[in-house]
Amino acid sequence: VEDKSQETFPRDSLIVHAIIENKILIKEAYTVDEDDDILDKKFLKDSFIVLPLLGNNQKPFGAICISERIDNTYFKENNLRLLQTISSQFIKGYENIKLNADMIAKKAMQKEIEITRNIQNNILPSKIPSGSNFQLGVKSVPAKDVSGDFYDFYKYEDGQFSFLIADVSGKSLPAAIFMAMSSSVMRTLSRNHEMNPAELLKAANSLIYEDSQSGMFVTLFFIHYDPSIMEIEFASAGHNDQIWIKADDTYEFIKGTGAPLGVIPTGKYVGGKIHPKSGDMVVLYTDGAIEEKDKDNNEFGLERFVEEIIK
């Protein structure tokens, strides 16, 4: 059984004990000993008062110490009452400084969120391309103030298309900058379809790895679609398995293998091909769509996600 009869303090000091225990100390005489804590040696001599200072949360944040009366008499209760009156001004000043610091920090955070949101909004495409034999829908809702997800699509001159969905690790401003860089790399490489999706992800990984800092990475699923033969070729960089819902409401998961972009210098990516038919649906999503939790801490889940789409 753990003995909690005595507190463990960071140092054996009367002043520290008084602050932590929120205990007023008033002594008529005190003799400094060689083994005393350096704080006590400096501030507690002869008669003294130690008055803990309480913030608005009723927790002590410091103390006022007075000692060594000039007239060599003792501190008494009336001295303590005067000190308590004076201390109220110290407490107000401390709370004002703390409030001002909190406001500055909040404004800085809001500014960072605003910049991050603007970066993300500028990354996402503003227009949806028209398909020759398909319809395209997009929905992006940040779970919090900002999102770590991005998507892109492109229509080639020969009528073929590319689509991608990605999830960047982190939600901060550095993550948004990393997202912009990753998006730029993918757009540059995917604006022609000389490489298949697996080759494209390998090339993108090499470039993104060079600029990846502090362990940042991006999971990504890339699709190339040829409407003339109804063929989808795909590859995945550590991203969720995507969903192919067929016209008869059965479905399959579209799976690829390969590490997230930016984790290792040389990645190996293996994808595949599918041939959807009229009435089929291909769903690209990020983990936020299935990992959202209800009040009982239950995840929405992939199976329920698919069921809701089929409905």
Side-chain angles (χ1 to χ4, degrees), residues 118-142 147-168 176 178-208 218-247 251-256 258 260-261 267 269-286 288-289 309:
N118 288 338
I119 291 174
Q120 292 172 339
N121 289 338
N122 289 333
I123 290 172
L124 302 179
S126 58
K127 295 181 179 180
I128 296 179
S130 57
S132 56
N133 59 357
F134 68 91
Q135 291 180 315
L136 178 65
V138 177
K139 183 78 170 179
S140 178
V141 180
S147 170
D149 304 341
F150 69 93
Y151 58 86
D152 193 23
F153 31 72
Y154 185 71
K155 182 177 182 179
Y156 302 103
E157 291 183 359
D158 61 4
Q160 298 186 52
F161 296 84
S162 67
F163 306 93
L164 71 83
I165 192 164
D167 186 0
V168 174
F178 182 72
M179 178 193 296
M181 181 273 294
S182 302
S183 174
S184 178
V185 168
M186 288 301 303
R187 281 182 175 174
T188 300
L189 292 176
S190 65
R191 286 312 184 247
N192 65 72
H193 48 87
E194 295 175 355
M195 294 184 286
N196 64 40
E199 293 169 339
L200 190 148
L201 292 188
K202 183 177 180 179
N205 177 72
S206 298
L207 295 172
I208 292 173
V218 54
T219 69
L220 186 145
F221 200 95
F222 184 87
I223 278 180
H224 175 257
Y225 176 55
D226 186 346
S228 65
I229 57 175
M230 299 279 284
E231 180 180 84
I232 287 178
E233 188 172 10
F234 61 87
S236 174
H239 201 72
N240 308 70
D241 296 342
Q242 304 299 282
I243 311 164
W244 174 18
I245 300 175
K246 301 179 182 180
Y251 62 90
E252 294 180 19
F253 294 121
I254 312 173
K255 303 181 180 183
L261 304 181
Y269 300 92
V270 178
K273 296 179 181 180
I274 61 173
H275 294 84
K277 297 180 180 178
S278 178
D280 289 0
M281 180 187 305
V282 175
V283 181
L284 305 184
Y285 69 98
T286 61
I309 295 172

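Keep in mind it's a predicted model, so treat the numbers as computed, not measured. Atom set for the values below is all heavy atoms of this structure, side chains included, hydrogens, waters and symmetry mates excluded.
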Distance from I274 atom CD1 to I223 atom CD1, nearest 0.5 Å? 6.5 Å

Partner set under side-chain contact (heavy atoms from CB on, under 4.5 Å) for I243, not counting sequence neighbours: I245, Y251, F253, V283, Y285, L302, F305, V306

With the side chain counted from C-beta on, respond yes when L207 and L189 share a heavy-atom pair under 4.5 Å apart, and no when they do not. yes

N205 side chain near Y269 side chain, heavy-atom distance below 4.5 Å: yes

What pairs with K246 under side chain to side chain donor-acceptor pair (under 3.5 Å), at least two apart in sequence or on another chain? E252

Spacing of L220 atom CG and L261 atom CG [to the nearest 0.5 Å]: 5.5 Å

Listed partners of P260 passing side-chain contact (heavy atoms from CB on, under 4.5 Å), at least two apart: F217, T219, V263

Within the structure provided, determine whether D152 and M186 are in side-chain contact (heavy-atom separation under 4.5 Å). no

Please assess V138 against F153 for the test side chain to side chain contact (heavy atoms under 4.5 Å, CB included), listing each intermediate value before the final yes or no. CA-CA 11 Å; V138 177; F153 31 72; 3.7 Å; yes

Would you list the pairs meeting side chain to side chain donor-acceptor pair (under 3.5 Å) in which at least one residue belongs to residues 192-203, sequence neighbours left out? D158-H193

Return the set of residues passing side chain to side chain donor-acceptor pair (under 3.5 Å) with S228 (not counting sequence neighbours), or none when no residue passes. D226

Flag the pair M230 / N133 as yes when at least one side-chain heavy-atom distance between them is below 4.5 Å, and no otherwise. yes

Scan for salt bridge (Lys or Arg N to Asp or Glu O under 4.0 Å) pairs involving residues 230-239, sequence neighbours excluded, and state none if there are none. none

Got a sec, which residues hit side-chain contact (heavy atoms from CB on, under 4.5 Å) with T286, two or more places apart in sequence or on another chain? D149, I165, D167, H239

Nearest-0.5 Å distance that lies between atom CZ in F161 and atom CZ in F134: 4.0 Å

Measuring only between side-chain heavy atoms, which start at C-beta, is Y151 closer than 4.5 Å to P125? yes

Whether S183 side chain and M179 backbone form a donor-acceptor pair below 3.5 Å: no

Donor-acceptor contact below 3.5 Å, side chain T188 vs main chain S184: yes

By side-chain contact (heavy atoms from CB on, under 4.5 Å), Y154 pairs with (sequence neighbours left out) Y156, S162, R191

Residue list, ring-ring contact (aromatic ring centres under 6.0 Å, His included) with F234, at least two apart or on another chain: F221

F150 side chain reached by V218 side chain, heavy atoms, under 4.5 Å: yes

Atom pair CD1 (I128) and CG (L136), whose distance is rounded to the nearest 0.5 Å: 5.5 Å

Within this structure, what is the CG-CE distance for the pair L201 and M195, rounded to the nearest 0.5 Å? 9.5 Å

